[in-house]
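Just so it is clear: chains get the letters A, B, ... in the order the sequence lines come, proteins before strands, and each one is counted from 1.
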Protein chains: 2
Amino acid sequence: MAVASSVHDAVRLRLAGADQRYTTQRRRLVEILGRSGRPITMPEILEAATGLTQSSAYRNITVLSEVGVVERIAGPDDYGRFELAEAFAGHHHHLVCEECGTVEDLRASPNLERVLGELTRLAAAEQGYVVTEHRLELRGRCAACAGN
Amino acid sequence: MAVASSVHDAVRLRLAGADQRYTTQRRRLVEILGRSGRPITMPEILEAATGLTQSSAYRNITVLSEVGVVERIAGPDDYGRFELAEAFAGHHHHLVCEECGTVEDLRASPNLERVLGELTRLAAAEQGYVVTEHRLELRGRCAACAGN
DNA sequence: CTTTCTGCAAACGATTTGCAGCAGC
DNA sequence: GCTGCTGCAAATCGTTTGCAGAAAG
């Protein structure tokens with residue numbers, strides 16, 4: 001399943017706004033992240049596409065982060081995980097397998113999200129917080145590991 | 001506010017179960033983490049108590065993690081953050097300030113917890129996960145930074 | 001006393017960066 | 001063509017580890 005060209009257009013636009021170019025390598029990164037459907041590590045990114053240099057991949061991930069196209073999250077191990085930002089991948093949460101370390105996406109129903117958003121805003125307000133985003137992390141065993 | 005001696009007793013017990021000793025330095029770490037009321041970085045830990053060596057502090061944090069007394073979470077920057085595990089600090093969530101990077105604790109209302117429980121059940125059902133724990137991360141501006 | 005800690009200094013590994021040549025616009 | 005990107009190799013920095021002396025039980 002390829003990434004929609006509208007996504008590429010939007011990315012190009014964001015990059016242009018920061019005087020950045022949408023190069024072959026950056027396009028490939030967006031493709032890989034968009035296809036994976038879950039946050040992936042740098043080793044996984046490099047494995048998914050030959051021809052990417054590690055240092056340049058890091059540099060480009062950084063640039064894409066700065067223009068709000070990519071988000072970096074911290075996994076259970078030493079590796080950072082990268083995914084398309086919510087504006088491109090949609091709002092979702094994460095399931096972290098404590099056994100194999102994989103991180104999966106989870107989409108919640110609009111109903112639950114609405115209640116969640118409201119309650120979090122309320123709770124945080126008690127401590128003077130202005131909440132801009134919420135992210136839920138569920139830890140446990142993924143289907144594959146729970147079967148063992 | 002000092003850490004209750006019952007906590008120290010429980011920690012000593014857990015350590016003893018792994019053939020580990022409850023040394024002065026480990027006790028001091030538990031004190032610091034227990035008093036902070038929020039996850040703190042290694043620099044903050046070392047600043048909070050003179051006489052702690054960095055390498056030993058890391059080693060002891062690792063040991064305390066292994067026996068389930070300390071938990072390590074990833075903050076917005078390069079530093080890991082450490083806190084007492086839920087068994088000692090109670091169930092709570094995190095507020096991450098996008099401006100200053102500080103991480104605060106947030107205790108949720110029963111209402112909010114109920115919604116989280118529902119999301120958890122949903123995840124388990126849809127993707128075959130066995131969820132053991134949930135953690136909510138709210139991003140935004142802390143009271144100090146929102147005032148600016 | 002024995003085993004586990006501690007401190008020091010050196011090692012590690014993910015990520016970053018300087019520099020010279022290449023590619024987008 | 002100018003400017004910004006790429007690849008390479010070296011640097012950075014939080015964290016880990018080896019080893020010899022100190023402390024817990």
Side-chain angles (χ1 to χ4, degrees), chain A residues 8-9 11-33 39-47 49-67 69-83 101 103, chain B residues 8-9 11-33 39-47 49-67 69-83 101 103:
Chain A
H8 285 301
D9 290 343
V11 172
R12 176 183 295 274
L13 213 67
R14 291 224 190 184
L15 283 170
D19 286 315
Q20 302 276 1
R21 297 164 183 171
Y22 200 22
T23 63
T24 313
Q25 205 175 134
R26 290 176 184 176
R27 174 179 295 265
R28 215 178 322 182
L29 282 173
V30 169
E31 277 289 334
I32 293 170
L33 294 176
I40 54 178
T41 64
M42 183 53 70
E44 286 175 316
I45 290 174
L46 296 177
E47 199 182 338
T50 49
L52 293 194
T53 303
Q54 184 173 285
S55 64
S56 294
Y58 272 117
R59 244 187 301 229
N60 284 324
I61 285 281
T62 303
V63 169
L64 289 170
S65 293
E66 283 167 358
V67 298
V69 171
V70 163
E71 246 176 85
R72 168 200 229 123
I73 68 165
D77 48 33
D78 286 334
Y79 294 95
R81 321 253 153 167
F82 307 97
E83 64 180 351
V103 181
Chain B
H8 285 301
D9 291 343
V11 171
R12 175 182 296 277
L13 212 68
R14 292 225 189 182
L15 283 170
D19 287 315
Q20 303 275 0
R21 295 163 184 171
Y22 201 22
T23 62
T24 313
Q25 204 175 133
R26 290 175 185 178
R27 174 179 294 266
R28 216 179 319 182
L29 282 173
V30 169
E31 277 289 334
I32 293 170
L33 294 177
I40 53 179
T41 64
M42 183 54 67
E44 285 175 316
I45 291 175
L46 296 177
E47 198 181 340
T50 49
L52 293 195
T53 305
Q54 190 179 46
S55 63
S56 294
Y58 271 115
R59 244 188 300 231
N60 284 323
I61 284 281
T62 303
V63 168
L64 290 170
S65 294
E66 282 166 358
V67 299
V69 171
V70 164
E71 246 176 86
R72 168 199 227 124
I73 68 165
D77 48 33
D78 287 333
Y79 295 95
R81 321 253 154 164
F82 307 98
E83 63 179 351
V103 181

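Put simply, CG on L15(A) is 15 Å from C1' on dT3(D), counting in whole angstrom units. Rounded to an integer number of Å, the gap from R12(A) CZ to dG24(C) P is 11 Å. For N60(B) and dT4(C), the CG to P distance is 15 Å, given to the nearest whole Å. Atom CD in E66(A) sits roughly 14 Å away from atom P in dG4(D) (whole-Å rounding). Atom-to-atom, CD1 of I45(A) to C1' of dT15(C) comes out at 13 Å; the value is rounded to the nearest Å. Regarding L13(A), its CG atom lies at a distance of 13 Å from the P atom of dC25(C), rounded to whole Å. Going from atom CD1 of I61(A) over to atom P of dT16(C) covers 11 Å, rounded to whole Å. The interatomic distance linking R26(B) (CZ) with dG25(D) (P) rounds to 10 Å, in whole Å.
Side-chain contact check for F82(A) versus P39(A): every heavy-atom pair is 4.5 Å or farther apart. Residues L52(A) and L29(A) form a side-chain contact, since some pair of their non-hydrogen atoms from C-beta on lies under 4.5 Å apart. When side chains are defined from C-beta on, I40(A) does not count as touching V103(A), because their heavy atoms never get closer than 4.5 Å. Counting only heavy atoms from C-beta outward, the side chains of N60(B) and V70(B) never approach each other to under 4.5 Å. Under the 4.5 Å side-chain criterion, counting only non-hydrogen atoms from C-beta, Q54(A) is in contact with L46(A). Under the 4.5 Å side-chain criterion, counting only non-hydrogen atoms from C-beta, Q20(A) is in contact with R26(A). Side-chain atoms of M42(B) and R81(B), non-hydrogen and from C-beta on, never get closer than 4.5 Å to each other. The closest side-chain heavy-atom distance from E83(A) to I73(A) is below 4.5 Å.
If you check every strand for non-hydrogen atoms under 4.0 Å, R27(B) touches nothing. As judged by a 4.0 angstrom heavy-atom cut-off over every strand, S56(A) is placed among the base-contacting residues.
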Output one line per pair: protein atom, nucleotide atom from nucleotides 14-16 of chain D, and distance, for all N/O pairs under 3.5 Å.
| from | atom 1 | to | atom 2 | distance (Å) |
| --- | --- | --- | --- | --- |
| dG14(D) | OP1 | Y79(B) | OH | 2.9 |
| dT15(D) | OP1 | G80(B) | N | 3.0 |
| dT15(D) | OP2 | Y58(B) | OH | 2.1 |
| dT15(D) | O5' | Y58(B) | OH | 3.1 |

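For R21(A), taking side-chain heavy atoms from C-beta onward, the closest of the listed nucleotides dA24(D), dC25(C), dT6(C) is dC25(C). In this structure, the nucleotide among dC25(C), dT4(C), dC8(C) sitting nearest to the side chain of T53(B) is dC8(C).
The phosphate of dC5(C) has neither OP1 nor OP2 within less than 4.0 Å of any side-chain N or O from R28(B). Of the side-chain N and O atoms in Q25(A), one or more sit less than 4.0 angstrom from OP1 or OP2 of dG7(D).
Five base pairs at each end of the helix from dC1(C)-dG25(D) to dC25(C)-dG1(D) define two local axes, and these are offset by 50° (rounded to 10°).
For D78(A), the CG atom counts as loosely surrounded, since its 6.0 Å shell holds 12 or fewer non-hydrogen atoms of other residues, nucleotides or ligands.
In this structure, Q20(A) and Y22(B) both approach DNA chain D, and ranking their closest nucleotides by distance from the 5' end singles out Q20(A).
Evaluation of the salt bridge (charged side-chain N to carboxylate O under 4.0 Å, His left out) test over residues 12-23 of chain A, restricted to residues two or more places apart or in two chains, returns none.
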